Amino acid sequence: MNDIDYSLYLVTGRELLPSGKDYFESLEESLQGGVTVVQIREKNTDTGEFIKIARASKVICDIYNVPLLINDRVDVALAINAHGVHLGQDDMPIAQARKMLPKDAVIGVSCNNVGHVKAAVKEGADYVGIGAVWGTKSKSLTSPIIGVRRVGVMLEALDGTNVKAVAIGGIKSTNLLRTLHGTVSSTGHALDGIAVISEIVASAEPRRATETLANILSGFRADFPHPPGLDTRLTSDLYVTGDLSPETVLEGVVQLMETIRGLNPLVHQITNTVVATQSANITLALGASPIMATESREMEDLAKISGALLVNIGTLRGECFDGMKKGGFFANQFRKPIVFDPVGVGASAFRQETVNELLNTWQASVIKGNAGELAALAGTKEVEAKGVDSVGSGFKDPVSFVKALAKRERCVVVLTGTTDYISDGVSVVSLKNGDAMLGQITGSGCVLGSCIAAFCATAAHLASDEEKNSDGKLAKGDMFLGAIAGVLVLTVAAELAVQREDVKGPGTFLSGLIDTLWALRSDDVQNLAKVSIE
Ligand SMILES: Nc1ncnc2c1ncn2[C@@H]1O[C@H](COP(=O)(O)OP(=O)(O)OP(=O)(O)O)[C@@H](O)[C@H]1O
Ligand SMILES: Cc1ncsc1CCO
C-alpha cells in the first residue's frame, strides 16, 4: 500500500512539548493544521505504555483519516493495528517486518547515504526517510548531517521506482523552502514530503505551526508541479512572455537599467578586503546603494531591508563564516536574491569545505565564477586555477558545462572569461562584451558580482504581483535577466572606458570605469551589446 500522502509527516516527541501542553491536544491541533501522516516515536517508554499512547493516538488520527506509523516496534504496530512501521538502519530488517505485518502495511526506513536507499528499494521499502538534512536538537535523532545538496543524489537513486521519500532532521519553516529547492535531484526528482518534529511538537500553537509549513509546501508545489517530471525551468520570465531572443533579453536589460536609479536598491555585500571600496563605488555608480557588513549579529536586520545579498569568499577568514552563513540563511528566509562568488574555491581545502557548507545552508540565486572557480565547484579538473585566477583557455564546451552546473545547483550560473556564459539550467546566453583591460585590474570578477546583485535586486522589485504573493520561490523576479544585466552593464562600460582620453592604463581605467558606469545610458548597452542565445 503506498497511497499515503507523505507531504507533511509529523514525528512525535513528547519530551519536546512546551510545558503545560498536553500531548494528545498537540497531536489533534497538528492534524487540524494539515499533518498528513503521523509516526509515533517513543524511545524510552515501556511496551505497555507505548501501546496505550499509540492506541489513543490512532483514535485521534482516524478521526482525521490520517495514517499512523510506529517507530521501530513491529509488535506495537501489530497490537494497535497501525498502518505500518518506520525502521532505522539498526532495527529489524524490512523482510522480517514484512513477514510479521499485514500485507498492506507500510514500511519506511531511515537512510543517510545512497547505499541505504538502494538497499531499501531492493528490500521492498514503501518509503525512505532521508536525513539528517540539517543539524537537529531532537536528541532522539542521531543520524549524521548530510546537507541539503546530498539529498538529491539519494532521490536520484529512486528514479523509476515507486518508493517515496521524505526528508528529516531540523526542517523548520525558516529553512523549508531552501530544503525543498535544494533537494531536487538533477533528474527533477523532488521529495514526496518533509518530516518535522520540534517545529510542530515544541510549538505552543501546533496548528498554526503546521499551517505555516503546509503553505510553504503548497507554494513550492505550485511552482514546481509534483510529481515534477523534467520541468526544470528555474527563474526566467522570458519563457513566459515570449521567445528567449537577443531582442527580448535586451528589452529586459533596458527595463532594469531604467528602473535601478529610481529604485536605488540597497545591496548588502559580504565581500573581500581587496575589492570592498571599489565594489561599493561601482554599486553607487550603477544607481544602487551599498552596505558592506560582515557581522553575523546584524544579518537578520539587514536581510529585511536589503534588495539583495552578495557573498564573496575572496579573503575568507573563520570570523566571516558565521556572517556568511547567517546572511544567506536570512536572505532566503526573507526571499532576497543571493549572488555567490566562490573566489579561489579550488585554492585550499578550507575554501572548498566552506563553500560546501554555505551551499548546504542556503540557496543562491546566482553563482558566478571564472572557469577555474566553477571547475573546482563542479568537481572537475578540466580547468585549473592559480589562486583566484583561472589558468588556460577554459572549458572545451562551456555551454554544456554552465547549463549542467545551473541545473545541479538549481540557480543561475555565470561563467566569466573573454566570453561570459550565463545559464538558468535550460538556456545559455553568451555575452561577448568586455575588454582585456578588465583582466589588468584586480577584482573585476568581484565587482561584476556587485553589479549582478544590484540588478537582481532590481529584478526582484519588478516581479509580478502574482510572483510576489507566491510562497514557492526563494527569490522573486527574473534572476536570469538580473545576471545578464549585471554582466552587460559592466562589460559595455569597460569598452567605453578604454576609449576615454583620460584612461592610460589600469589605474586610470578603474576610475574611468566608475565614471563611465555612472553616466552609462541604456542606449549604449542596446547599441553595443553582443548577445547570443546558444
Ligand atoms: N580579455 C577579456 N576580454 C573581454 N572581457 C574580459 C576579458 N577578461 C575579463 N573580462 C571580463 O571581465 C569580467 C570579469 O571576468 P574574469 O573572468 O576576469 O573574472 P575573475 O577572474 O573572477 O576576476 P578577479 O579574480 O580579478 O575578480 C567578465 O565580465 C569578463 O567578461
Ligand atoms: C587578489 C585577491 N585575493 C583574494 S580576493 C582577490 C581579489 C580578486 O579576486
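Just so we're clear, the structure is a prediction, and the values are computed from it rather than from any experiment. Sequence positions, counted from 1, serve as the residue numbers for this chain. Hydrogens, waters and symmetry mates play no part in the numbers below; they use all other heavy atoms, side chains included. We count ligands from 1, going down the list as the structure has it; atoms in each ligand are counted the same way.
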Discussion item. Tell me the closest heavy-atom pair linking Val503 and Ala497, and the distance in Å.
Written reply: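 In terms of heavy atoms, the two residues are closest at CG2-O, 3.3 Å.
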Item to complete: Grab the two heavy atoms, one from His181 and one from Arg410, that are nearest each other, plus how far apart they are.
Response: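 For His181 and Arg410, the tightest heavy-atom pair comes out as O-CD, 2.9 Å.
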Do the side chains of [Y] and [X] get nearer than 4.5 Å, heavy atoms only?
X: Phe455; Y: Met257; result: yes
X: Ser110; Y: His116; result: no
X: Leu374; Y: Leu377; result: yes

Pull out every atom of ligand 2 sitting under 4.0 Å from any heavy atom of [X], numbered as shown with elements.
X: Cys446; value: 8 (C), 9 (O)
X: Gly314; value: 4 (C), 5 (S)
X: Thr442; value: 1 (C), 7 (C), 8 (C)
X: Val343; value: 9 (O)
X: Gly443; value: 8 (C)

Got an N/O contact under 3.5 Å between [X] and ligand 1?
X: Thr491; result: no
X: Lys368; result: no
X: Asn370; result: yes

Among all protein heavy atoms, pick the one closest to [atom] and tell me residue, atom and distance.
atom: atom 18 (O) of ligand 1; answer: Ser444 OG, 3.9 Å
atom: atom 2 (C) of ligand 2; answer: Val274 CG2, 3.9 Å
atom: atom 3 (N) of ligand 2; answer: Val388 CG1, 3.9 Å
atom: atom 16 (P) of ligand 1; answer: Thr416 OG1, 3.5 Å
atom: atom 25 (O) of ligand 1; answer: Val388 O, 3.8 Å
atom: atom 12 (O) of ligand 1; answer: Leu438 CD1, 3.4 Å
atom: atom 7 (C) of ligand 1; answer: Asp435 O, 3.7 Å
atom: atom 1 (N) of ligand 1; answer: Ala436 CA, 3.4 Å

Worksheet item: Is there a donor-acceptor contact under 3.5 Å from the side chain of Asn360 to the main chain of Val148?
Response: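 At least one qualifying donor-acceptor pair exists.
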Discussion item. Under a 3.5 Å distance rule, please check whether Gln363 uses its side chain to pair with a backbone N or O of Glu409 as donor and acceptor.
Written reply: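 The answer is yes, because a donor-acceptor pair under 3.5 Å joins these two groups.
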Worksheet entry | Among Gly443, Gly417, Gly445, Gly434, closest by any non-hydrogen atom to atom 30 (C) of ligand 1 |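 Shortest heavy-atom distance from atom 30 (C) of ligand 1: Gly417.
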Worksheet entry | Contact check, Cys446 vs ligand 1, heavy-atom distance below 4.0 Å |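 Contact present.
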Worksheet item: Would you say Leu490 touches ligand 1, if touching means a heavy atom closer than 4.0 Å?
Response: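 Judged by the 4.0 Å heavy-atom criterion, Leu490 does not count as contacting ligand 1.
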Worksheet item: Counting from 1, what ligand 1 atoms have a heavy atom of Asp420 closer than 4.0 Å?
Response: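 Answer, ordered by atom number: 28 (C), 29 (O), 30 (C), 31 (O).
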Discussion item. Could you tell me, atom by atom, which parts of ligand 1 come under 4.0 Å of a heavy atom of Thr418?
Written reply: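 With Thr418 as reference, the close atoms of ligand 1 come out as 3 (N), 4 (C).
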Assess, by modelled atom type and distance only, whether the side chains of [X] and [Y] contain a donor and an acceptor separated by less than 3.5 Å.
X: Lys336; Y: Ser365; value: no
X: Ser245; Y: Thr248; value: yes
X: Ser522; Y: Glu258; value: yes

Worksheet item: Pairs in or reaching into residues 445-459: which pass side-chain hydrogen bond (donor to acceptor under 3.5 Å, both in side chains), with residues at least two apart or in two chains?
Response: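 Listed once each, the pairs are Gln269-Ser450.
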Worksheet item: Which of parallel (below 30°), tilted (30 to 60°) and perpendicular (above 60°) describes Phe340 and Trp362?
Response: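 Rings of Phe340 and Trp362: perpendicular, over 60°.
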Discussion item. Looking at Asp322 and Lys325, is there a salt bridge between them, counting it only when a charged N and a carboxylate O are closer than 4.0 Å?
Written reply: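 Result for this pair is no, no salt bridge flagged.
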